[in-house]
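Letters go in sequence order (proteins before strands), and every chain restarts at 1. Note that these values count all heavy atoms, side chains included, but never hydrogens, waters or copies made by symmetry.
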Amino acid sequence: MRNLEIATLFHEIADLLEIKDDNAFKIRAYRRAAMNLESLTEEIEAVAARGGLADIAGIGKDLAAKIRQALETGRMAYLDELRAEIPRGVVELMAIPGVGPKTAKLLFQQLQVDSVETLESLALQGKLLGLPGVKQKTVDNILKGIQVVKAGRERMPLGRALPLAHELVRILEQLPEVRQISLAGSLRRMRETVKDVDLLVTSAQPAKIMAVFTSLPQVSEVLLQGETKATIRHREGIQVDLRVVEPDCFGAALQYFTGSKTHNIRVREFAVRKGLKVSEYGVFQEATGTRIAGAGEEEVYNAIGLPYIPPELREDAGEVEAALEGRLPHLLTLSDLRGDLHAHTNWTDGHHTLEALIEAAQRKGYEYIIVSDHSRAATVAGGISEEKLLEQIGRIRALSKKYPKIRILAGSECDILADGSLDFPDRALAQLDIVVCAIHSRFKQDRAGMTARIVKALSNPYVHIFAHPTGRLIGERDPYDVDMEAVLAAARQYGKALEINAQPSRLDLNDHHARQAKELGVKLAISTDTHVLDQLDNMALGVAVARRAWLEKADVINTWPLDKLLTWAHKSRPKVA
DNA sequence: GCCGTTTTCGGCCCGACTGTTTTCAGTCG
């Protein structure tokens, strides 16, 4: 059993306890434990083996025992008892917007509703009317909510949500009534997928903002509208929440509205212990009600006695503790990057010439750019033969005279074959400056086979970077079955870098694994895997993943100057005669 | 159920909006 599986069991216990109307703080304890397990970078089995379960935040004696039981028996007796009491389908009712634990319990007890389908049929027959607190409007909302569930409320990838959100910001900031505007929520924290877009505006005239916002052409439906808060459905499907506050509350509101929810709870608990109250309106002294901060976000953190915590870290994954102990990371920024270490050209499946790639990289101010086209096994991507590769290397060397201001690195995105050998022989790899390796075939290999395949590739002295290490495509393809612990250990042993692929559909490694890599001392490369020149701009998404992974400049090899990068790249190579 | 340079017991974040109510419970973030 892995961390996420145990977390899921705890979440289910919390759901069931909510329906039973159990102690709210007990429920929160289960949820917090689940979330801490989700952000834990060490394997839970390893933690249990060294007797460290109770050291995990939010896990005490009782939950540690439940984790051990699950690890040993594959079951959790307490959860089994709860499941026997309340059918699975009742929990699923809570997925309907507007239906929470109280309503689910009411429906189950009064009408024996135990599935979304049953609920829909009873609602259509008018049989919900007459339940306490249920009139036609509630029935309508439930039916509407069921449609939302059926449509599948999938989360939108960051790379799609960001441009759409920036468009709304550009429109709203034109309004003279808008003083300040910012993205908030999970989008500001740069999570890889988002459920909705959160916008925060300060204005002395909220009514005007509300009116304009809810009647934008991008709005397909107004879901909720109050005096200072509105929720709409964007024509591209995602929900957008807008909140308007007074200008002097901007910092407090931004802090509150950025979340995460668990981070905020953490911060507010900490404030309470200091006799302070934090809300979206400011930081107040509990005793006197005096407001001591609110206009700026940094000021809000400082008033509570914390340094500013960057949005990407606000997941209650140890950042508050790190802030208190003065060991927050100095997160890397986009401008720290000196080059791109994964890019294609029209020699394989890129859409541009070598020269166009070089010139685009130069315009970005890069010190170096790699040319890493596909190897012969990647037939669908037009992979090139060894002869063609040598020809390309010659071309690159010739072009470096034409472009003296940027170093053109000869590279390859070389396939890792099913047996773990590389698609080019060592004699060819030895000609390259940087070798990127990747898996593009035989995704369905079993776990042991896939792990051995990758570990073998990483042991090759000519390999430098392992690209998109899990192979997942967000929302499309699951990662291949591989023991990431073993891959990370091999990367450390052989001194290889793992890639954070910045393609919006990949973001691979993800934030979790990248943080794990850093903790093990494995270096990362943030690369765009550019096929079309515009994609060089995706670097910002890769940086977002890196920041969420607590990465600093020193952790990322393409922040290094060229000479340091090349020294690192060539130190493991056998000396050629 | 967790947790403690105030506490091993008694706390545990805070407010907006909706639908149903004449003051509030439920839901959401």
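Considering only side-chain atoms of Leu63(A), the nucleotide from dC2(B), dT27(B), dG15(B) that sits closest is dC2(B). Here dC12(B) is the nucleotide among dT20(B), dG1(B), dC12(B) with the atom lying nearest to any side-chain atom of Arg28(A). Counting only heavy atoms from C-beta on, Leu224(A) has its side chain closest to dT18(B) among dG1(B), dT20(B), dT18(B). Listed candidates were dG15(B), dG1(B), dG29(B). Nearest to the side chain of Lys261(A) is dG29(B). For Thr138(A), whose side chain is taken as the heavy atoms from C-beta onward, the closest listed nucleotide among dT27(B), dG19(B), dC14(B) is dG19(B).
If you take atom P in dC28(B) and the same atom in dT22(B), they sit 23 Å apart, rounded to whole Å. Separating the C1' atom of dT23(B) from that of dT18(B) is a span of 15 Å, rounded to the nearest Å. Separating the C1' atom of dT8(B) from that of dC3(B) is a span of 9 Å, rounded to the nearest Å. Between the P atoms of dT21(B) and dA16(B), the separation comes to 24 Å (whole Å). Between dC17(B) and dG11(B), the distance separating the two P atoms is 31 Å to the nearest Å. Comparing the C1' positions of dC9(B) and dC14(B) gives an interatomic distance of 25 Å, to the nearest angstrom. dG1(B) and dT5(B) are spaced 24 Å apart, taking the C1' atom of each and rounding to whole Å. Rounded to whole Å, the separation between the C1' atoms of dC2(B) and dT7(B) comes to 14 Å.
Using a 4.0 Å heavy-atom criterion, one finds that Phe257(A) contacts no nucleic acid atom at all. No engagement by Asp198(A) is indicated, since no non-hydrogen atom pair under 4.0 Å with the nucleic acid exists. Residue contacts for Val278(A): at a heavy-atom cut-off of 4.0 Å it reaches the sugar-phosphate backbone alone, with no base atom in range. Residue contacts shown for Lys274(A) are absent, as no nucleic acid heavy atom lies under 4.0 Å away. At a threshold of 4.0 angstrom between heavy atoms, the contacts of Thr228(A) are confined to the sugar-phosphate backbone, with no base atom among them. Within 4.0 Å (heavy atoms only), Asp62(A) reaches sugar-phosphate atoms of the nucleic acid but no base atom. Arg243(A) comes within 4.0 angstrom of sugar-phosphate atoms only, judged by non-hydrogen atoms across all strands, and of no base.
For the pair Phe25(A) CZ and dC9(B) C1', the interatomic distance rounds to 14 Å; values are reported in whole Å. Nucleotide dG29(B) holds its C1' atom 14 Å from the CZ atom of Arg31(A), rounded to whole Å. Rounded to an integer number of Å, the gap from Leu131(A) CG to dT21(B) P is 12 Å. The CG-P distance, from Asp316(A) to dC3(B), rounds to 12 Å in whole Å. Following rounding to the nearest Å, Leu143(A) (CG) and dG19(B) (C1') show an atom-to-atom distance of 16 Å. Arg268(A) has its CZ atom 10 Å from the P atom of dC13(B), to the nearest Å. Rounded to whole Å, atom C1' of dC13(B) lies 11 Å from atom CD of Gln255(A). Rounded to an integer number of Å, the gap from CZ of Arg273(A) to C1' of dG4(B) is 8 Å.
For the side chain to side chain contact (heavy atoms under 4.5 Å, CB included) criterion with Leu331(A), the lone passing option out of Leu551(A), Leu313(A), Asp336(A) is Leu313(A).
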Quiz item: side-chain contact (heavy atoms from CB on, under 4.5 Å) between Leu82(A) and Lys20(A): does it pass, once the steps are laid out?
Solution: CA-CA 9 Å; Leu82(A) 291 169; Lys20(A) 282 170 62 85; 3.6 Å; yes
Quiz prompt | salt bridge (Lys or Arg N to Asp or Glu O under 4.0 Å) assessment of Arg31(A) paired with Glu18(A) | solution = CA-CA 11 Å; Arg31(A) 295 227 185 270; Glu18(A) 275 195 321; 3.2 Å; yes
Quiz prompt | Worked check of side-chain contact (heavy atoms from CB on, under 4.5 Å) between Arg32(A) and Arg266(A) | solution = CA-CA 10 Å; Arg32(A) 171 172 289 172; Arg266(A) 198 62 164 201; 3.4 Å; yes
Quiz item: How far apart are the C-alpha atoms of Arg188(A) and Asp198(A), what are their side-chain angles, what is the distance that settles it, and do they pass the salt bridge (Lys or Arg N to Asp or Glu O under 4.0 Å) test?
Solution: CA-CA 8 Å; Arg188(A) 182 161 180 250; Asp198(A) 294 306; over 6 Å; no
Practice problem: Let me see the working for Tyr308(A) and Leu328(A) under side-chain contact (heavy atoms from CB on, under 4.5 Å), right down to the final yes or no. | Solution: CA-CA 9 Å; Tyr308(A) 178 75; Leu328(A) 280 176; over 6 Å; no
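Between Lys229(A) and dG15(B) there is no side-chain N or O to OP1 or OP2 distance below 4.0 Å. Proximity of Lys135(A) to the phosphate of dG19(B): no side-chain N or O atom is located under 4.0 Å from OP1 or OP2. Listed pair Tyr281(A) / dA16(B) meets the phosphate criterion, a side-chain N or O lying under 4.0 Å from OP1 or OP2. Within the structure, every side-chain polar atom (N or O) of Lys105(A) is placed at least 4.0 Å from both OP1 and OP2 of dG26(B).
Salt bridge Glu92(A)/Arg88(A): present, at least one basic N to carboxylate O contact under 4.0 Å.
Mapping Asn23(A) and Thr103(A) onto DNA chain B by nearest heavy atom places Asn23(A) at the nucleotide closer to the 5' end. For the pair Ser279(A) and Asp196(A), both in contact range of DNA chain B, the more 5′-proximal nearest nucleotide belongs to Ser279(A).
The shortest non-hydrogen separation linking Val545(A) to Asn510(A) is CG1-C, 3.7 Å.
Side-chain N/O atoms of Lys102(A) and base N/O atoms of dG26(B) include no donor-acceptor pair closer than 3.5 Å.
Nucleotide dT8(B) has no partner under the Watson-Crick or G-U criteria, as no pair reaches both atom distances under 3.5 Å.
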